[in-house]
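Notes follow the structure.
Just the heavy atoms: all of them, side chains too, but no hydrogens, waters or symmetry mates, feed the values below. Residue numbers run from 1 in the order of the sequence given.
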Amino acid sequence: MKKSIENTIYDVVVIGGGHAGVEAACASARMKSKTLLITHKIEKIGEMSCNPAIGGLGKGHLVREIDALDGIMGRAIDNSGIQFRMLNLSRGPAVQGPRAQADRVLYKKSIQDIVKKQENLDILEGSVEDIILTNNKLKGVLVENIGEIRSKTLVLTTGTFLRGLIRIGKKSYEAGRVGDRPAINLAKSIERLKFSIGRLKTGTPPRIDKKSINFNDLKEQEPDSTIKPFSFINKLIHIKQISCFLTNTNISTHEIINNNIHLSPMYSGEIKSMGARYCPSIEDKVRKFSDKNSHQIFLEPEGLESEVIYPNGISTSLPEDVQEEFVHSIKGLEKANIIKPGYAIEYDYVNPQELYHSLETKKIKNLFFAGQINGTTGYEEAAAQGIMAGINAALVSKNKKAFVLDRADGYIGVLIDDLVIKGTKEPYRMFTSRSEYRLLLRADNADQRLTPLGIKIGCVGKIRKTIFEEKIEKIKSSFNLVRSKKISPNELSKKGIKINHDGKKRTAFELLSYKNISFKHINKIWPETKKIEEEISEQIIIESQYSGYLSRQREDIIDFKKEEELTIPINLDYKKVGSLSNEIIEKLTTTQPPTLGAASRISGVTPAAIIALLRFVKKQKNTKAA
């Protein structure tokens, strides 16, 4: 195998076997590109290094979109989820997000099963020491104890491994994560290529022995009674579902943390890098929200057969003895046995403004970055970038046009646009509030939005294509059916349903917009509508109840597309535009926005500057056309 790999020129080489890496490798392989996945340890492919859960608000949308492009995360969590919940059920459909607690062992096994069965994909265990260039053009990578491996394109998905440094109190040691050595030489290689590098941090809570927890007085959080799978190709979940439990920190917990805050590397000055604002450590919570007497903790099982509990909400880098003291102050954890202490990890990342929307780097052609190297946090954000980088690496290797999703296409488009245009100085996390078009970009319709695009570029397999096409036919016929059935207010009142008696007949579709009318009423009036599946009836209800809002958002998208259609030439000399301040020239030159719309989203670029840029670009295009 070693000899054949050395003698192969791969279309795509992917470095890293985490969530971004496996999506990138499988995506490029699905597109019939000869792909190599290089990872430190094959046994760690698909490892959930932090919280054993997938999805959530915004994040669940990303997973559905990854799945719509035939990615693997949705299928893996469906094969391993031990507690499925739809978050925000009491609110509108736009902000509802699927989430599932995972069995760590089953999730990793599912990922590895998919990866190892993927055609056109080789896997190599090894450490990449350098990126090889010839005349600033990618040639391949240098792998420790193996040598040079040639490739047309390269996708880096390094996670927290670039100069990773773990800290617990005053102790620190180099590691990509616990038990794995960091990527030092590769980090130096990226630095040598003059990429803009920064440092970020993330952290984990201490893991607790389940047998040492008193669950009697804790609040139980049960799974949903009706489970909706993540993957659009699955109808049922066959994994046993179990409960999580809730507890809280208290005044005593906060006193212990405050009394020892000087021992935390974040507050002693040893850690200077930025952590995740929306997933703060317990030290941050106690200090920044000093008015609160308690913070919620979710006690989440790490598996059906596991005795390990993940206490979500108390991420920390305090010394081990302090961790033990504050954990024992928490209700239900008075006698808790800490199996593994919490820790913070610092790592290198590259300013994502160094990337095009395709995730190809601006400095080195055919080199792509995906995942935490771009400043994101979370499995879902990493996987979303991974699938896009893998698709685009495959397309570039065949000299085809890049595949780019914009903000109107999906949350993946929002994620990448935010990173590439705005950059980030703290770990970026996806939320539904980041999208301007969230009523249209729902988790339930991700396949209708993205699967046709995936089919067109060749990243969607035959099985999903068939399932999707059958579903679309059902959707079309179901919508036609409810729009064809009409009834008058008088006829409705005879059936016990009251609406405005204006003599106007209304369709079944229109009736569903009324709060007092459900699909059960429609089924009674027109029994033939009973054949409409629940998955599709939900789509019909949403379209009916939010028709006015949806129409307005569709109009907004048309306006957005007009701005996005005006492309800006690469490497435009913004000094020639005129009437732009030096600050705006610098921002535009650094970011190199591909369109007028992208330029308008750069912080500090004024409407007046956009108008000047619009006139300049149009004048240039008209001159060339003449």
Side-chain angles (χ1 to χ4, degrees), residues 48-53 82-83 85 101-107 166-171 177-179 202-223 240-267 279-287 289-290 292-345:
M48 303 183 99
S49 53
C50 193
N51 185 17
I82 55 178
Q83 195 205 57
R85 293 179 65 236
Q101 192 67 25
D103 182 304
R104 276 190 193 278
V105 175
L106 292 178
Y107 185 87
I166 284 178
R167 293 186 184 271
I168 305 173
K170 292 187 177 181
K171 294 191 300 184
R177 61 185 167 210
V178 170
T202 186
T204 69
R207 308 304 205 275
I208 297 172
D209 186 344
K210 181 181 177 181
K211 297 190 293 292
S212 66
I213 298 174
N214 179 8
F215 291 99
N216 293 333
D217 297 324
L218 302 184
K219 183 179 178 182
E220 185 176 2
Q221 183 187 65
E222 296 180 341
K240 178 185 175 183
Q241 298 295 289
I242 61 176
S243 293
C244 295
F245 289 83
L246 279 70
T247 185
N248 295 82
T249 61
N250 51 58
I251 293 173
S252 176
T253 312
H254 297 187
E255 284 179 357
I256 294 167
I257 291 168
N258 276 321
N259 290 340
N260 292 278
I261 201 76
H262 61 286
L263 300 174
S264 168
M266 287 186 300
Y267 287 88
C279 189
S281 67
I282 189 62
E283 295 99 293
D284 272 343
K285 289 179 184 177
V286 169
R287 296 294 286 213
F289 307 102
S290 56
K292 292 195 172 184
N293 292 327
S294 69
H295 296 283
Q296 198 167 57
I297 303 166
F298 296 84
L299 300 177
E300 301 172 337
E302 294 206 350
L304 295 173
E305 305 297 327
S306 175
E307 293 298 322
V308 181
I309 294 292
Y310 185 98
N312 193 349
I314 53 170
S315 171
T316 182
S317 57
L318 284 163
E320 293 179 45
D321 59 334
V322 180
Q323 292 187 36
E324 190 168 335
E325 187 181 359
F326 84 66
V327 164
H328 288 165
S329 72
I330 297 167
K331 186 177 180 180
L333 307 182
E334 294 87 353
K335 296 181 180 179
N337 176 31
I338 294 178
I339 297 170
K340 185 167 68 174
Y343 63 86
I345 182 166

Contact between [X] and [Y] at the side-chain level, heavy atoms closer than 4.5 Å - yes or no?
X: Ile242; Y: Pro301; value: yes
X: Pro206; Y: Thr316; value: yes
X: Ile208; Y: Val327; value: yes
X: Lys170; Y: Pro265; value: no
X: Pro319; Y: Ile168; value: no
X: Leu246; Y: Glu220; value: no

Tell me, please, which residues at least two apart from [X] pass side-chain hydrogen bond (donor to acceptor under 3.5 Å, both in side chains).
X: Lys171; result: Glu320
X: His254; result: Thr249
X: Glu305; result: none

Report summary line: For residues 308-336, the ring-ring contact (aromatic ring centres under 6.0 Å, His included) pairs (sequence neighbours left out) are none
Looking only at atom types and distance, does a side-chain atom of [X] sit under 3.5 Å from a main-chain N or O of [Y], one as donor and one as acceptor?
X: Asp284; Y: Pro280; value: no
X: Ser212; Y: Asn337; value: yes
X: Gln83; Y: Gln221; value: yes

Let me confirm one number: the [atom1]-[atom2] distance from [X] to [Y], rounded to the nearest 0.5 Å.
X: Ile251; Y: Lys292; atom1: CD1; atom2: NZ; value: 14.5 Å
X: Cys244; Y: Leu218; atom1: SG; atom2: CG; value: 12.0 Å
X: Ile330; Y: Thr247; atom1: CD1; atom2: OG1; value: 6.5 Å
X: Leu318; Y: Tyr343; atom1: CG; atom2: OH; value: 16.0 Å

Please list, chain by chain and in numerical order, all residues satisfying side chain to side chain contact (heavy atoms under 4.5 Å, CB included) with [X], sequence neighbours excluded.
X: Leu106; result: Ser80, Asp103, Ile239
X: Asn250; result: Ser252, Thr253, Ser329
X: Asn214; result: Asn216

Query - Side-chain ion pair, Lys210 and Glu307, N-O less than 4.0 Å - result: no
Requested in this report: Determine, for Arg207 against Glu302, whether the closest basic-nitrogen to carboxylate-oxygen distance falls under 4.0 angstrom.
Outcome: yes
Requested in this report: Apply the test side-chain contact (heavy atoms from CB on, under 4.5 Å) to residues Arg177 and Ile166: give CA-CA distance (whole Å), side-chain angles for both, the deciding distance (0.1 Å), then the verdict.
Outcome: CA-CA 7 Å; Arg177 61 185 167 210; Ile166 284 178; 5.5 Å; no
Report task. Tell me, with the steps shown, if Arg104 and Val308 meet side-chain contact (heavy atoms from CB on, under 4.5 Å). Result -> CA-CA 10 Å; Arg104 276 190 193 278; Val308 181; over 6 Å; no
**Report entry** Pairwise salt bridge (Lys or Arg N to Asp or Glu O under 4.0 Å) hits with a residue in residues 327-339, at least two apart
**Finding:** none
Query raised in the report: Step by step, would you call Ile297 with Asn248 a side-chain contact (heavy atoms from CB on, under 4.5 Å)?
Result: CA-CA 5 Å; Ile297 303 166; Asn248 295 82; 5.9 Å; no
With sequence neighbours excluded, what pairs up with [X] under the salt bridge (Lys or Arg N to Asp or Glu O under 4.0 Å) test?
X: Arg287; value: none
X: Lys211; value: Asp209
X: Glu300; value: Arg99

Query raised in the report: Glu283 and Ser264: side-chain donor and acceptor closer than 3.5 Å?
Result: yes
Report summary line: For Phe245, the ring-ring contact (aromatic ring centres under 6.0 Å, His included) test, sequence neighbours excluded, returns Phe215
